[in-house]
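Just so we're on the same page: letters track the sequence lines, and every chain starts at 1. Small disclaimer: the values here were computed from a predicted structure and weren't measured. Values below: all heavy atoms of this structure, side chains included; hydrogens, waters and symmetry mates excluded.
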Amino acid sequence: MTETVFVVGIDGSDAGERALAFAKERAKAVGNCTLVLCYVIEWSPFSFQTKEENEMRHKRREEEISLAHSRVLDPAVVATADDDVSVIGVVKHGDVAEILDGLAKKHGAAQIFVGRVGIRGLKERVFGGVTGRLVASASVPVTIIP
Amino acid sequence: MKNLLIAVMLAVLTPLAAFAQDASLDDKINDAFASSTGWFVSLIFSPLPFDVAGSSFPWIVMWLVIGATVFTIYFGLVQLRAFGHAISLVKGDYSDPNDAGEVSHFQALATALSGTVGLGNIAGVAVAVSIGGPGATFWMILAGLLGMASKFTECTLGVKYRNEYDDGSVSGGPMYYMTKGFAERGLPGGKVLAVLFAIFCIFGSLGGGNMFQANQAHAQISGIVGDYPGWITGVIFAIVVFLVIVGGIKSIARVTEKVVPFMGIMYVLVALIILLVNYDKIGWAFGQIFAGAFTGLGVAGGFVGALIQGFKRAAFSNEAGVGSAAIAHSAVRTKEPVTEGVVSLLEPFIDTVVICTMTALVITISGVLVVDPATGNYVLNEAGSAIQTIDGSSGVQLTSAAFATGFSWFPYVLAIAVILFAFSTMISWSYYGLKAWTYLVGEGAAKELTFKIIFCLFVIIGAAAKLGAVIDFSDAMIFAMAVVNITALYFLMPVVKAEMNSYFARLKSGEIVKHK
């Protein structure tokens with residue numbers, strides 16, 4: 001039986017937790033399943049920064065990655081892994097929709113699970129929220145947990 | 001803590017500002033500066049011992065032209081060959097997704113540009129065109145194109161020889177490539193050049209990067225709201241600069257970083273609209289630019305006058321060869337120093353070839369320069385030093401008047417743009433000055449604070465006093481940076497060539513791959 005991969009987006013929120021719990025349930029039901037948990041740090045290479053920010057950027061990036069691991073990702077990986085499901089944890093910088101779909105492609109995932117993120121501001125009303133963009137652009141089925 | 005710092009700052013600065021406003025003190029400072037530094041200014045701007053086409057020619061202009069030409073030839077027209085690749089790099093086509101979150105090429109370019117796009121593009125071009133005629137534009141564009149090779153050289157070296165510290169921060173720039181690069185090649189004198197460069201850079205940052213900006217910003221504000229004491233502008237600017245560079249109020253800097261590119265784009269768009277509305281005159285304007293470039297069309301100094309103005313203002317505006325950009329670009333964490341050099345060559349292109357040319361075309365087309373209908377030549381002012389303008393304005397006011405022929409409201413937008421540009425240039429140069437300062441005196445919170453406070457004091461002096469001699473001196477300092485920097489670039493250019501050849505060979509062979 002071939003291995004099935006699910007990509008799960010987590011962000012430390014309750015919705016993310018629910019998405020992870022739901023994905024784990026599915027994974028157990030499917031059997032021989034790997035969950036790729038991903039925490040995305042929102043980042044655009046086209047934002048404007050000051051010279052001091054540029055100078056300290058590398059250090060900040062390392063700090064952001066280590067915080068994401070220690071506060072959200074590593075506890076989630078530990079809590080999720082058991083005999084039936086194997087778990088990989090990834091932290092990435094970039095656009096959430098792009099990163100999750102990229103991971104799905106890379107691991108040949110069957111599905112992406114995310115928690116629903118409410119529309120937060122004017123920008124998202126105009127350009128669509130993260131989940132909306134993910135649904136619009138994903139190459140595999142996306143399950144959104146309310 | 002921040003409030004305490006601000007209170008102390010205000011207590012120190014207010015009496016000092018009032019003092020600086022004192023006319024007799026202005027005169028004293030002027031006289032003291034002129035007598036102690038005049039020799040340096042004369043040395044930097046002294047003419048060549050022989051006349052060029054019947055006119056005297058400052059050697060420093062020749063120095064910049066020769067430098068840029070040598071780099072252009074030595075690197076085989078890298079500005080043309082690598083132009084497309086530069087755009088791919090900025091778009092992120094070659095960025096490794098695993099490095100996401102580090103400073104991108106786009107961010108490095110945008111940050112460096114926010115330091116160079118400014119008064120040079122608005123006031124400097126107006127000065128060049130009013131003194132040198134539209135023909136100055138031709139030489140300015142040529143200087144911009146040649147300057148791309150100088151930028152490529154210095155920014156590649158800046159990244160290659162930067163210092164990376166244990167805490168992950170980086171420091172780079174001419175000081176570092178002079179010491180480390182010279183030592184690596186077994187050449188003597190690297191340390192001497194580095195110290196000289198750092199000294200000139202500190203004075204350049206206090207002068208052209210600070211006092212001149214504060215002075216012009218005050219001139220612009222008082223032009224709109226009416227005349228009032230300069231120290232008021234100075235104190236306000238000093239407080240905001242203080243909040244950003246000492247208080248670490250990043251939000252102000254971040255707002256500036258966002259608004260400045262927006263202003264730059266808006267400036268170009270408005271210029272384009274004016275040009276489109278007057279599309280029938282564009283051919284004529286280019287005709288004036290080409291004819292003026294070789295005949296001068298009656299301006300003082302003939303075509304040499306046009307050439308000197310064009311080259312001088314291009315250098316002021318895009319800072320190619322000055323070495324400042326190498327400091328800004330060295331923060332990028334790339335495995336290939338050449339990529340940063342390639343990206344940086346877009347800077348003189350955007351700054352000079354695009355933005356400065358827009359200003360020059362609008363001034364030429366708007367008809368603010370007075371032409372003698374009988375001869376077709378430009379009419380000089382009474383002193384014979386510059387072309388007569390319809391309302392007698394010069395500098396920023398001339399650009400303002402030219403844009404107002406298209407959009408009557410534009411002078412207000414331009415005034416805001418000038419103030420923001422001046423502010424962002426100050427913030428940029430405070431960073432360059434600080435890097436030079438810490439190179440000389442060492443890193444440390446107290447040492448850095450000392451420089452930052454000195455920097456803020458100079459904002460007030462710059463806005464309050466009319467210090468012609470001080471400004472001459474600071475301009476001379478920025479050119480002095482170029483003397484030291486280009487000297488070092490000549491010795492280190494083989495290093496850049498080896499890097500460049502290796503990089504482009506790997507790019508061609510497919511070893512360096514696109515990620516998008």
### Query
Between A/Lys51 and B/Tyr432, is any pair of side-chain heavy atoms under 4.5 Å apart?
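SC-SC contact between A/Lys51 and B/Tyr432 confirmed.
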### Query
Any side-chain heavy atom of B/Asn98 sitting closer than 4.5 Å to one from A/Lys92?
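Side-chain contact under 4.5 Å: yes.
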### Query
When heavy-atom pairs shorter than 4.5 Å are enumerated against chain B, which of A/Glu62, A/Glu53, A/Met56, A/Glu55 gives the highest number?
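Ranked by contacts with chain B, first place is A/Glu55.
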### Message
Quick check on A/Arg71: does its CZ atom have over 12 non-hydrogen neighbours (other residues, nucleotides or ligands) under 6.0 Å away?
### Response
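Open.
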### Task
Return yes when atom OH of B/Tyr165 has more than 12 non-hydrogen atoms of other residues, nucleotides or ligands closer than 6.0 Å, and no otherwise.
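Yes - once you tally the heavy atoms of other residues, nucleotides and ligands closer than 6.0 Å, there are more than 12.
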### Query
Which bit of A/Ser44 is near chain B, if near means a heavy-atom gap under 4.5 Å: side chain, backbone, both or neither?
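Looking at A/Ser44, just its backbone touches chain B.
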### Task
Any chance you could measure B/Glu102, atom CD, to A/His93, atom NE2, to the nearest 0.5 Å?
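Between B/Glu102 CD and A/His93 NE2, I get 8.5 Å after rounding to 0.5 Å.
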### Query
By number, which residues in residues 336-349 of chain B have some heavy atom less than 4.5 Å away from chain A?
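Within residues 336-349 of chain B, no residue comes under 4.5 Å of chain A, counting heavy atoms only.
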Using heavy-atom distances under 4.5 Å, tell me whether [X] contacts chain A through its side chain, its backbone, both, or neither.
| X | value |
| --- | --- |
| B/Lys435 | side chain |
| B/Ser330 | neither |
| B/Pro261 | side chain |
| B/Val90 | backbone |

### Task
Check whether any side-chain N or O of A/Arg57 sits under 3.5 Å from a backbone N or O of B/Ser104 as a donor-acceptor pair, and report yes or no.
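The answer is no, because no donor-acceptor pair under 3.5 Å joins these two groups.
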#### Entry: Distance-only side-chain donor-acceptor flag, A/Gln49 / B/Thr111, under 3.5 Å
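Per modelled atom types, A/Gln49 and B/Thr111 side chains form no pair under 3.5 Å.
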### Query
How far apart are the C-alpha atoms of B/Phe106 and A/Phe48, what are their side-chain angles, what is the distance that settles it, and do they pass the ring pair (Phe, Tyr, Trp, His ring centres under 6.0 Å) test?
CA-CA 9 Å; B/Phe106 174 87; A/Phe48 292 102; 5.6 Å; yes
